[in-house]
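Notes for the one structure printed next.
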Amino acid sequence: MTRNPLHEVAIVGAYNTRQARTLDGETDLSIIHDAVQGVLGMAGLSQGDVDGVNIHTMRGGLSARNGVHILGGHPCWTGNAEMGIAAVMEAAAAIATGQCHTAIIASGQAGMYTDRSATSPWTRPSNEFVECWGLYTAAEFALIAKRHMALYGTRPESLAEVASAIRMNGARNPEAVYFGREVTPQDVLDSRMIADPFHLLDCAMNSEGGGAVLMTRAERAKDLALDPLYVLGGALDRQGMAYVTPPVWDKYGYVGRRAAELTFGQAGLGPADVDVCEFYDPFSFELIRQFEAFGFCGEGEGGDFVMDGTVRVGGRYPLCTNGGIMSFSHCGVVQMLQKVISAAQQLWGLYPEELTVPDANVVMISNGGAGALFNDTMLVGREAA
Amino acid sequence: MSAPERGDIPLPRPTAVSAPHWEGCRKGELRVQRCDDCEGYVFIPQAYCTHCFSEKLQWVRSSGRGVVYSCTTIHRPQRQEFEVPYTVAIVELEEGWHMLSNVIDCPHEEIEVGMPVEVFFREMSPEITLPMFRRVEGAEIVPPSRPETA
């Protein structure tokens, strides 16, 4: 069989700036500058060593094509994919096919969410068949969760266990926005209701910050500061109009299954080979769904699967070891990329001892969820496929 | 029992494609597109059939009866203009298609998956009448069935 050219690509830097509920005095560009400097420093490279770029933000007119100027304006390949797995896979393909040799992916946000009297503006729909009923992101994901609960008897206690497991990781991560904020399952159940079945602590928070990932060819990576991490596989599942089409479980409930099968297939691995799960965690139920969709357990079994410490650090499938978007940080467009960053930092042993998964070799990453009608997956490992 | 506060909520802005649906609501009809070729129902309104790509879509009148496919009671409003709590539902209509709406005139804690509901219409402005759903009194809950696995 022909070798998958994806396996010639390595991650050589993955950096987060400071994260906070609000970063006073910062702008998108100042945060992006920090992220770019930080990730280049990790690898021991400078701007001129990079010839591939995907730097963009939601605001300020910084398109991916214009983002090249941040590196000085020398000729570069540019990516256009969304931050996260999509951008990493696009850059990996560009490197693998010789369009560039070293690519940087970065974004950052500051000063976005100032009116906290209502849901954050980007979670609100504008479609004529959605907005007038009072939906927003939490409601879309709640509609997915409630159908699963009705079909399979999935209990709020399972949702609370997931949220607690993730938030306890953030409580132990000095870089997390909610560092020191310990949350038990009972705390989750006792927090105020947002959109049934989601209590406040079942939901991700909002914050500001930035991050960056640096990638290059595997043979070049061996000379750099950190051990190369290999992209073992990755794929995107997109099913259409998020926050427009009703999130009907029968059609969208297992979005991500195809992506996971392709991802595992590229890597020659299966769920049993995964040591750490840096899954996308917008709402507690979404993790239960992803374990089912990705084949870690059977349909309807996710509620039981996550109990008994299985998804805590020290358990078989630790989730979101940096604290995820529930506790670490959830900012603008870079938050999806921060799942990749967390996977890399876990494998490099950069986390405090109590968050480090001993001998971890393979991390599975996901972006998106059923409430948004998309789910992307990726595998990263310490050893080449 | 309350409906969402209806004073200043954002109202739909019909498009050329969706206008027949909203015109139907003004006349007390729940209209949906149906494909002449594959007989599939299409919602939200489209310029072609999303099942088979046919352009032969016709507007037809739905019975307006269905069940709650899924629901969530909202305690943190999308905007302050929505009075909480309110219940958002995906309604599965008798013809097999799905739409988002509110279920009102029923205690929120009694609204559950499988509850039979029927459409009624609430005039919001001269242009916009919203289709909402209420419980069919005396009807039995229809338990959800598992999707067929591919």
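In this text the structure is predicted, and so the values were computed from the model without any measurement. What you see below is based on every heavy atom in this structure, not just the backbone, and it leaves out hydrogens, waters and symmetry mates. Labels below follow one simple rule: chain letters A, B, ... track the order of the sequence lines, proteins then strands, and each chain is numbered from 1.
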So how far is it from B/T73 OG1 to A/K146 NZ, rounded to the nearest 0.5 Å?
6.0 Å
Closest heavy-atom contact between A/C132 and B/L130?
SG-CD2, 3.9 Å
Atom CG of A/N127 and atom CD1 of B/I44: how far apart are they, to the nearest 0.5 Å?
4.5 Å
Given heavy-atom pairs under 4.5 angstrom as the criterion, report whether the side chain, backbone, both or neither of A/Y152 touches chain B.
side chain
Ring-plane angle category for B/W22 and A/F129, please: parallel below 30°, perpendicular beyond 60°, tilted otherwise.
parallel
Applying a strict 4.5 Å limit to non-hydrogen atoms, the region of B/V88 in contact with chain A is both
Closest heavy-atom pair, B/I74 versus A/A195, reported as atoms and distance to 0.1 Å, is CD1-CB, 3.8 Å
Value for NE2 (A/H199) from NE2 (B/H75), rounded to nearest 0.5 Å, stands at 9.0 Å
Residue B/E109 excluded, over 12 heavy atoms near CD under 6.0 Å
yes
Option that, when pairs with chain B are counted at under 4.5 Å, heavy atom only, ranks first among A/M193, A/M149, A/R192
A/M193
Is any side-chain heavy atom of B/T72 closer than 4.5 Å to a side-chain heavy atom of A/F141?
no
Atom CD of residue position A/E182 - does it have more than 12 heavy atoms of other residues, nucleotides or ligands inside 6.0 Å?
no
List for me each residue that meets salt bridge (charged side-chain N to carboxylate O under 4.0 Å, His left out) alongside B/E118, sequence neighbours excluded, and say none if there are none.
B/R134
A/W249 backbone acceptor or donor facing B/Y69 side chain under 3.5 Å:
yes
Taking atom CD of B/E110 as the centre, does the number of heavy atoms from other residues, nucleotides or ligands within less than 6.0 Å exceed 12?
yes
Answer yes or no: is there a side-chain heavy-atom contact under 4.5 Å between A/P247 and B/I90?
yes
Using 0.5 Å steps for rounding, measure from the CD atom of A/E131 to the CZ atom of B/R13.
5.5 Å
Pair count under 4.5 Å, heavy atoms only, with chain A: among B/S101, B/C71, B/A89, B/P10, highest is B/S101
Within a strict 4.5 Å, meaning less than it, do heavy atoms of the A/P246 and B/F43 side chains meet?
no
Cut-off 4.5 Å, heavy atoms of chain A, and the answer for B/S145 is backbone
Calculate, to the nearest 0.5 Å, the distance between atoms CG and NE2 belonging to A/D250 and B/H98 respectively.
6.5 Å
Heavy atoms, side chains only, cut-off 4.5 Å: are A/W133 and B/M132 in contact?
yes
What residue in A/L200, A/V130, A/I144, A/D196 has the most heavy-atom pairs under 4.5 Å with chain B?
A/D196
Within the side chain of B/R146, is there an N or O that forms a donor-acceptor pair under 3.5 Å with the backbone of A/L151?
no
